[in-house]
Every structure is written in structure tokens, then in C-alpha cells.
Amino acid sequence: MKLWGGRFTKETNQLVQAFNASVSFDQKFYKEDIEGSIAHVIMLAKQGIITEDDKEAIITGLKGILADIEAGRLEIDDEHEDIHSFVEAHLTERIGEAGKKLHTGRSRNDQVALDMKLYTRKEILEMDGLLKDLLNSLLKIIKGNTDTIMPGFTHLQKAQPVTLAHHMGAYFEMFKRDRSRLKDIFERMNYCPLGAGALAGTTYPLDRDFTAKQLGFKGPALNSMDAVSDRDYLIEFSSAMSIIMMHLSRFCEEITIWNSNEYQFIEIDDAYSTGSSIMPQKKNPDIAELVRGKTGRVYGTLVSLLTTMKGLSLAYNKDMQEDKELVFDAIDTTKGCILLFNGMLDTMTFNKDKMRKSAEGGFTNATDAADYLVNHGVPFRDAHGIIGELVLYCIGNNKTLGELSLDEYRNISPVFEEDIYNAISMETCIGKRNTTGAPGQQAMGEVIKIYEKYLDSNASKY
Ligand code: ARG
């Protein structure tokens, strides 16, 4: 059934019909479409625009359609242009004349804007819940590894020792910010477009506050032209998803490196890795690589949407139909990646010995050795030069700083005493770094308390 046949004398070209149709993808929000229609008819009856009897008939009909779709008794076919036409056609088929009154005071423009908002709102909450689960997994690793020493890197070169807890804490911060971005978007988008009509409101005495409240919005969107043509929230959401994916992708890059034969910092659980069809020895980090790979797809949504919107005059234009497939794909991709990543992380084991040996082997305590000299009165610039010489000597003699004899130390500077060994031990390097946000156990302990409180109090409902 077409919603707009009256003005036309010829049938639509078949290719045009297919090109124009959106039912193959907008069926994803059948539930939201029905929910919005129910709120609309309740308001229409309250305002005396339709009768109570019509309202009851429409609601019963809509609920029946919903139940039938959910039970698989009613299939959403592609005979209809979009989900809105599909629902209305089936309603009229079921309840007769009253069904034709559903669309009073409404356009598909405000209807689709509402459906997409309701759908997005639900998905934002789900994504937030998945991020919260991920943060819980991270906190578990953080709490168990405040003493697990590993090298910290800059330029992918060993820099200073950190702990696994501290390294994981960096990602905890990133995903925490991702959640707060989702929360901001939710707050900003939470205004109801229903009642905006095609673009200029309607002449019926609609109660927009009432429908907005029924549907859980903060209020009605205050400009009807904006209400039907605002897709900012989808762009913001795509941006937030792009950032989530970027964070996951960085993490995946590290996991891929840590999993390599050269590093062997981690062991990915068999359930989360794959083999090679030809090389029997292989255990590949495919999940990490795929998450990293899928990041580009989500960025694609952001760029596509920005490009689609940039040339559009007010108000609704059909170009906007393009928002759906892109955003649906980005949502499914991002949610899937968070879920899979969390499973991989939660089952991964850490090779603590390898991590510690790696930290010990890369002169990660050179800064602390220089600080030792500074604490004994040597100016920092001179200390830096002395330790540089020592490192050169170590490289030439295949030793670590900890393996040098006191004589070897003293050959380069007489300031060194027996306590140098303690000063540059991995434990000291970590344990002394207790400024807020640093890897020292005391500093991490404070941060862990904050994280526990944050996860306790932050229910995934806004
Ligand atoms: N399928 C359309 C979309 O997604 C629904 C709105 C149609 N409105 C219109 N004026 N043709 O944007």
C-alpha cells in the first residue's frame, strides 16, 4: 500500500520503487514505530481529535501487530515502502476505518525522526552497559596487578617501568570518558520531534508536551523545522562510536604486539584465537585484528553522515534516509566489538615473568639511576650524561644496570654507593612513583577506590 497514491496517474517505475524504499532496513525499528504511534493516538483522543473508541481500536490493533511480528506470525515484507506504511496498512486491514485515523496530525517526517531517536536512545543505553561491563573486567585486572611490573613505552621503545594495573588504568580512563560522551549525547538529543508534522507543525490542537513525556523525553523539540531535519545526534553518536572504536583499536594493537613471539606478554584464550590452515604452530589474535579492522567502518559512518548533511537545505530531504543503514551498521559493529573484546580480555592470561624480564632488560631504570645521582648532589644535566655513559658501557658489555659491579659504577662516577642497587630495583622505581595518577602502589590504591565507587554508583540508566 502506498501512502501517497492520490495525486498520481501512473504506477511508479519498479526500479524507482526499489530505490526509494527503506523497509528492508527501517524495519529494525518496528517496535519504536508502534510505540510512537500508541503515544500519538492516546494524545489524539485526550485532545478530542479522535474518539475513545477509535483510540482503543487502534491501540489493540497496533499491539496485535507488535505481538505478531515478535512471535514471527507477521513477516515484514518488501511490498511496502517503509515500516510506517507497513504498520498502517496492516492496522487498517485489521481494524478498518479507525486505522486510517492513526496518521492524523502527523507526517512521516516527524514519525521517522521520532523512531530513529527512540531507537538510538535505547542503543546508547545498551552500549553504555557494555562499556560498563568492560570497565568491570578492566578493574578486576587492575586490582590483581598493582605489583605486576612491565615496561612502559614511548615511541614503542622501553621507557620506564610501570605496572600492568597502571597500563590497564589508562584504558579505564578512556572508556570512562566514552561513557560520559554517550551520556552527554543522550541528554542533548532527548527532545521529542513528534508533532512537528512535515515541517511546520499542524493545525490540530496537539499536546506535544504530553507525548514527549509519555515517551520519556525531556520535552518537545522547540522548532518544527529543526525537529524533522536534525541529525546532529546521529553525527555525535557516530563520533562517540568512532572514538570508542579508536580506543579499542589501540588496545588491540597492543594485544597483537604483546601476543607476538617476540614479546609473549600475554596468552589469548583458545576460545578467542584462531589457527592457520597451513601453519600448524600458529595461534593468531584474529579477534584483536578484526576489531582494529572494523574501526575504519565506523569512521566511514561518521564521514558519510557529515557529508550527507552538509548540503541540505531545510527542512526534511530524502537524503536523510541514508542515515539509517550507516548508523545501524556502526551500532551493531561497535556493540559487537566491545562484547567480543571484553570476552577476549577477560579470559586472557598475562605472562608476568616475561613482562618483568622485559622491564629489567631495557634500561627502564635509567631515569631512576640519574635521580639517584641528583639526590647525591649531582646536577641533573651531569647526571643524565653519566648514566648515558653507563648505559653505553652496559650495551658494550651486554649487562643491565643492575648487573654492574660497584667498581664498574665507580669507574664512571665516585658518587655511587652500595645503595644504588636498591635505588634502581624495579620495585623502587615503581614504589616511589606515588604522585596522583602514577603507577606506585599507594597512588594506584587511591585511584582504585575512586574506580570502585564510580562503577558502584554509575547505573547504566541516565
Ligand atoms: N523512509 C523515510 C526516511 O527514512 C521516511 C520519511 C519519508 N518522508 C518523506 N517525506 N518522503 O527518511
Side-chain angles (χ1 to χ4, degrees), residues 1-8 10-37 39-40 62 65 69 76-91 100 102-123 189 192-202 211 215 221 223-235 237-238 301 304-332:
M1 182 197 90
K2 271 207 192 83
L3 298 178
W4 41 266
R7 184 208 185 283
F8 290 75
K10 285 207 308 193
E11 279 301 308
T12 319
N13 174 300
Q14 278 212 333
L15 285 176
V16 171
Q17 170 94 19
F19 190 65
N20 192 46
S22 54
V23 70
S24 64
F25 48 88
D26 64 18
Q27 58 180 273
K28 210 162 168 105
F29 49 51
Y30 69 87
K31 212 187 223 159
E32 287 76 15
D33 192 73
I34 291 173
E35 187 192 348
S37 289
H40 183 62
L62 287 172
I65 291 171
I69 295 175
I76 304 174
D77 52 45
D78 57 9
E79 263 171 52
H80 300 89
E81 181 183 331
D82 49 36
I83 189 64
H84 326 297
S85 324
F86 172 87
V87 172
E88 199 177 315
H90 278 273
L91 181 69
K100 298 182 186 168
L102 166 65
H103 210 50
T104 314
R106 189 173 70 169
S107 154
R108 274 185 301 166
N109 296 353
D110 58 342
Q111 187 176 0
V112 78
L114 172 68
D115 294 359
M116 194 64 181
K117 269 202 170 173
L118 290 175
Y119 185 84
T120 306
R121 237 176 34 177
K122 175 192 80 168
E123 291 296 327
M189 70 173 276
C192 186
L194 190 60
L199 77 161
T202 75
T211 37
L215 293 165
N223 182 290
S224 59
M225 291 179 83
D226 177 55
V228 294
S229 64
D230 164 31
R231 299 292 182 273
D232 293 7
Y233 70 99
L234 295 175
I235 294 175
F237 188 27
S238 303
T301 292
S304 294
L305 270 184
L306 282 167
T307 312
T308 297
M309 293 305 293
K310 78 181 265 292
L312 298 190
S313 58
L314 285 175
Y316 177 83
N317 295 273
K318 188 76 171 209
D319 314 45
M320 291 171 181
Q321 180 166 290
E322 285 297 305
D323 61 359
K324 288 165 204 68
E325 279 169 292
L326 291 165
V327 172
F328 292 157
D329 181 68
I331 292 173
D332 293 345

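We count ligands from 1, going down the list as the structure has it; atoms in each ligand are counted the same way.
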**Q** Can you classify the ring geometry of F29 versus H84 as parallel (below 30°), tilted (30 to 60°) or perpendicular (above 60°)?
**A** parallel
**Q** How would you list, by chain and number, every residue that makes a side chain to side chain donor-acceptor pair (under 3.5 Å) with D332, sequence neighbours excluded?
**A** K28
**Q** Which N/O atoms of ligand 1 sit under 3.5 Å from a protein N/O, and at what distances?
**A**
{"from": "ligand 1", "atom 1": "1 (N)", "to": "S22", "atom 2": "OG", "distance (Å)": "3.1"}
{"from": "ligand 1", "atom 1": "1 (N)", "to": "Q321", "atom 2": "OE1", "distance (Å)": "2.7"}
{"from": "ligand 1", "atom 1": "4 (O)", "to": "K324", "atom 2": "NZ", "distance (Å)": "2.7"}
{"from": "ligand 1", "atom 1": "8 (N)", "to": "N109", "atom 2": "OD1", "distance (Å)": "2.9"}
{"from": "ligand 1", "atom 1": "10 (N)", "to": "N109", "atom 2": "OD1", "distance (Å)": "3.0"}
{"from": "ligand 1", "atom 1": "12 (O)", "to": "Y316", "atom 2": "OH", "distance (Å)": "2.4"}

**Q** Going by the rule side chain to side chain donor-acceptor pair (under 3.5 Å), which residues pair with Y30 if we only count those two or more places apart in sequence or in a different chain?
**A**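 By the side chain to side chain donor-acceptor pair (under 3.5 Å) rule, Y30 matches E70.
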**Q** To the nearest 0.5 Å, tell me how far Q27 CD sits from H80 NE2.
**A**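 So the CD of Q27 and the NE2 of H80 are separated by 12.5 Å.
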**Q** How long is the gap from CG on L306 to CG on D232, to the nearest 0.5 Å?
**A**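 It is 10.0 Å, given to the nearest 0.5 Å.
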**Q** Please list, one pair per line, the donor and acceptor atoms closer than 3.5 Å that link side chains of residues 15-22 to other protein atoms, with sequence neighbours excluded.
**A**
{"from": "N20", "atom 1": "OD1", "to": "K318", "atom 2": "NZ", "distance (Å)": "3.1"}
{"from": "N20", "atom 1": "ND2", "to": "E81", "atom 2": "OE2", "distance (Å)": "3.4"}
{"from": "S22", "atom 1": "OG", "to": "D26", "atom 2": "OD2", "distance (Å)": "2.6"}

